[in-house]
Structure formats: C-alpha cells, structure tokens
Amino acid sequence: MLSLALRPPSGEPLSVLAIGAHPDDIEIGAGGLLLSLAESDLRAHYVVLTGTAERQQEARNAAHSFMPAADLTIELFDLPEGRLPAMWGSVKEILEDVARSCTPGIIVAPSSDDAHQDHRMIAELVPTVFRDHLYLAYEIPKWDGDISRPSTYVPLPAAVMQRKVELLHKCFPSQRTRDWWDDEVFLGLARLRGMECRARYAEAFTCTKSVIVPAALTRGKTHEKQQLSTRICPNCAGSRAPSHPDRSGSRGSRRITAAGCTLICKAVILRAGEPGEVTR
Ligand SMILES: [Zn+2]
C-alpha cells in the first residue's frame with residue numbers, strides 16, 4: 001500500500017493540535033504518533049477539557065514526556081468530567097479560542113464513534129470549529145467495546161510502542177489501579193492494528209475527510225502562484241501615476257493573482273497557453 005507522508009510546509013515545523021476530554025486520552029489514543037512526530041521539528045498545542053489538579057499535573061508531565069523537544073503550548077481546563085454534553089457552549093468556546101490561537105496542520109482528537117459521552121461531544125464539535133484541517137480521530141479501548149473500523153493507520157516500531165506504554169505508566173500513576181490499565185490492553189490493540197497495516201504495531205484513526213494532492217500538481221500550484229503574483233497587469237500596465245490608486249487607496253505596481261488584478265483595474269486577465277495560467 002502506498003504510504004502518505006506527513007510533511008510540514010517548507011521552512012516550517014509540522015504543527016499538531018492534540019485534544020482530549022480527560023488526561024490520558026491523547027496519550028492512549030495517539031501517544032505513538034506524538035512520540036514519532038516529536039522526533040522532528042514539531043509545534044504542538046495540547047488541550048485537555050477536564051481534570052482535577054492532580055490529573056492536570058499528570059497531563060502536563062505527559063505532554064512534556066511525549067513531546068520533549070516540541071514547541072509546546074498546553075491548555076488545561078477543569079470542566080466537569082462525565083458532563084461535557086451539558087457544557088456544549090463552554091466546549092465550543094474553548095475550541096473556538098484554540099482555533100484563534102493556532103493553525104494546526106493535523107488535529108488528533110476523539111472519535112464520534114466513541115461510546116464515552118465526553119469524547120463523543122468533542123468529536124462532534126471539532127469539525128464545526130476546524131473546517132479546513134486534517135482531523136485524525138483516535139480510539140480508546142474501554143469497557144463499552146466501542147472499537148470501530150478505522151480508516152488511517154500509523155505504523156509504529158516496537159521501540160516506540162514500548163516507550164509509549166512505559167510513559168503511560170510513568171505519567172499517569174492515578175490510573176494504574178484501573179482493572180483495564182495494563183500492557184496487554186495497550187500492546188494488544190496496537191498489535192492488532194499493526195497486523196491490519198502489515199506492521200508490528202500501529203495506532204489507528206478515523207479520518208472522515210482528506211485531500212490528496214499529487215506532487216506534480218503541488219509544484220504546478222507553486223509555479224502558478226509565483227507566475228501570477230509577479231506579472232504586471234496588461235490592462236493597466238505602465239499606469240503607476242498617483243492618479244491610479246486601487247480601491248483601497250494604495251498605489252504601486254499592479255499584480256495579477258488567480259482572482260485577477262489586485263490593484264487598479266481589478267480585472268481577471270490571464271492569458272491562455274502559458275504554464276499556470278487560467279483564461280476567462
Ligand atoms: Zn477519556
């Protein structure tokens with residue numbers, strides 16, 4: 001199967017927004033992905049909606065442990081656990097505030113198939129706030145048996161998976177007494193997901209919308225942008241006199257973009273037959 005690489009925009013680090021309803025959600029669902037992303041230049045925004053002071057400290061430690069070298073922003077909230085559906089407005093406001101403060105390339109957050117009401121609540125709101133993002137919905141094994149069919153896999157080397165489990169135990173001591181919190185659950189699910197993508201281990205996600213751009217078209221887009229942003233508009237070429245301000249009042253050379261002349265005449269004038277141009 002052809003693998004799709006997560007590459008950052010040139011010259012910038014990859015940026016990820018990780019959202020959890022509860023401390024440990026992010027790490028259980030996407031800890032291996034975060035460990036792997038953090039091996040390269042990474043900008044991370046880490047948000048957890050609920051948690052006591054003790055659990056918030058665990059979340060803080062975990063964010064630093066899983067993404068040790070990342071440019072990390074941590075936002076922890078103390079909304080009531082198990083009651084997020086009743087806090088719809090607060091959750092939406094928090095997510096909107098986050099959206100105003102960062103522009104992530106990737107979002108990892110709970111899945112809308114998740115049986116836990118807090119997880120599901122976040123999953124329903126994320127796509128209403130983040131409209132143009134790659135949203136990978138992680139899975140969390142639980143008593144409800146809600147594991148569903150994923151669409152996206154992240155293969156993980158055994159060493160990364162072992163590190164993930166080691167950090168889960170180390171970072172979340174308050175959870176060790178839960179009857180399901182053990183190596184076999186974490187490694188077992190990862191082994192199953194690994195088998196499904198021909199790897200030893202993997203984390204699996206649901207991605208309901210993705211946009212695939214062949215590399216040749218990406219190059220063409222860049223070429224078009226460069227061409228169109230530097231050409232003088234033939235409609236008003238040479239007219240640089242102060243008597244020709246554009247509609248916003250600024251003056252200067254005229255440029256053509258895909259939408260047309262951005263100064264003076266505002267026309268869409270693009271010649272056919274040249275690379276990266278559009279005719280109207
Ligand atoms: Zn949770």
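When a ligand or atom number is given, it counts from 1 through the structure's own listing order. Not measured: the values here are computed from a predicted model.
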Mind checking side-chain hydrogen bond (donor to acceptor under 3.5 Å, both in side chains) for Arg176 and listing every partner two or more places apart, or none if nothing turns up? none

For the Zn ion (ligand 1), what is the number of protein N, O or S atoms at a distance under 2.8 Å? 4

Assess whether a salt bridge exists between Asp113 and Arg149, defined as any Lys/Arg side-chain N lying under 4.0 Å from an Asp/Glu carboxylate O. no

Does anything in residues 97-110 pair up under salt bridge (Lys or Arg N to Asp or Glu O under 4.0 Å), and if so which pairs, sequence neighbours excluded? Asp97-Arg100

Does atom NZ of Lys170 have more than 12 heavy-atom neighbours from other groups under 6.0 Å away? no

What donor-acceptor contacts under 3.5 angstrom involve side-chain atoms of residues 18-34, with partners at least two apart or in another chain?
| residue | atom | partner | partner atom | Å |
| --- | --- | --- | --- | --- |
| His22 | ND1 | Asp25 | OD2 | 3.2 |
| His22 | ND1 | His119 | NE2 | 3.2 |
| His22 | NE2 | Asp118 | OD2 | 2.8 |
| Asp24 | OD2 | Arg55 | NH2 | 3.1 |
| Asp25 | OD2 | Ala21 | N | 3.2 |
| Asp25 | OD2 | His22 | N | 2.9 |
| Asp25 | OD2 | His119 | NE2 | 3.1 |
| Glu27 | OE2 | Tyr46 | OH | 2.6 |

Looking only at side chains, do His116 and Asp146 share a donor and an acceptor under 3.5 Å apart? no

